[in-house]
Amino acid sequence: LGAFIGFVALLARQISNFFNQRTRYMMELAQKLFFHNLANNRAALTLLLDRAEEEDVKEDLVTIYLHAGETIPHAELPSRKARIDQMLYDRYGLGVDFDLNDAVKRLTKEGVITDNGEALTFATLAEAAEIYAEHLKADYAEDEKHVCDGGPKADVMEA
């Protein structure tokens, strides 16, 4: 009878250890998956934002390249868009809905395109390169304003 009770107690202890170990494993797995999922969501969002930014840059480059140095009336923009769509299809077999108006807005804001009301005047490639070089200099100058030359002040160190 004592041996049987000892065997049942040992069996109960082993079963209890099994369930406790399984519970700890499931908890650790859930925590790891939760934090990995957070990293994946953040990484996915970053990837999507990078891709969107790259698409804007591609649109801008194609627009500048194909229209460098030209003056185009506003009424001609839809036909230019259709030509770009067709060119991308012919060269690469891609059915793309090129957003020329979006690229024109960005390039006008950046100073690469001048809008005189009736027509758009595109800078040449050399002029566009100079404009972007000036933008880079301005960005670097702005970044340098925020560089801390010395260490933190004493009152900040106390805090």
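The first residue of the sequence shown is numbered 1, and numbering continues consecutively from there.
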Rounded to the nearest 0.5 Å, what separates atom [atom1] in [X] from atom [atom2] in [Y]?
X    : Y   : atom1 : atom2 : value
N17  : Q14 : CG    : CD    : 5.5 Å
M26  : T23 : CE    : OG1   : 8.5 Å
M87  : R91 : CE    : CZ    : 5.0 Å
L120 : I72 : CG    : CD1   : 7.0 Å

Taking the side chain as C-beta and beyond, is there a heavy-atom pair between [X] and [Y] under 4.5 Å?
X    : Y    : value
R80  : E70  : yes
Y25  : R22  : no
R106 : K109 : no
F122 : L66  : no
T121 : I113 : no
D56  : D102 : yes

### Message
List the residues meeting side chain to side chain contact (heavy atoms under 4.5 Å, CB included) with Y92, not counting sequence neighbours, and say none if there are none.
### Response
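Y92 satisfies side chain to side chain contact (heavy atoms under 4.5 Å, CB included) with L88, L94 once adjacent residues are dropped.
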
#### Entry: Shortest non-hydrogen contact between A75 and P78, atoms and distance
O-CD, 3.4 Å

### Task
Using atom types as modelled and distance alone, determine if a side-chain donor or acceptor of T63 lies under 3.5 Å from a backbone N or O of E59.
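Flag set: sc T63 to bb E59 pair under 3.5 Å.
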
### Task
Using the side chain to side chain donor-acceptor pair (under 3.5 Å) rule, take Q21 and R24 through it: C-alpha gap first, then chi angles, then the decisive distance, then the call.
CA-CA 5 Å; Q21 181 68 26; R24 275 193 302 270; 2.9 Å; yes

### Summary
Apart from V8 itself, members of its ILVMFWY cluster (side-chain separation under 4.5 Å) are F4

### Message
List the residues meeting salt bridge (Lys or Arg N to Asp or Glu O under 4.0 Å) with D97, not counting sequence neighbours, and say none if there are none.
### Response
K81

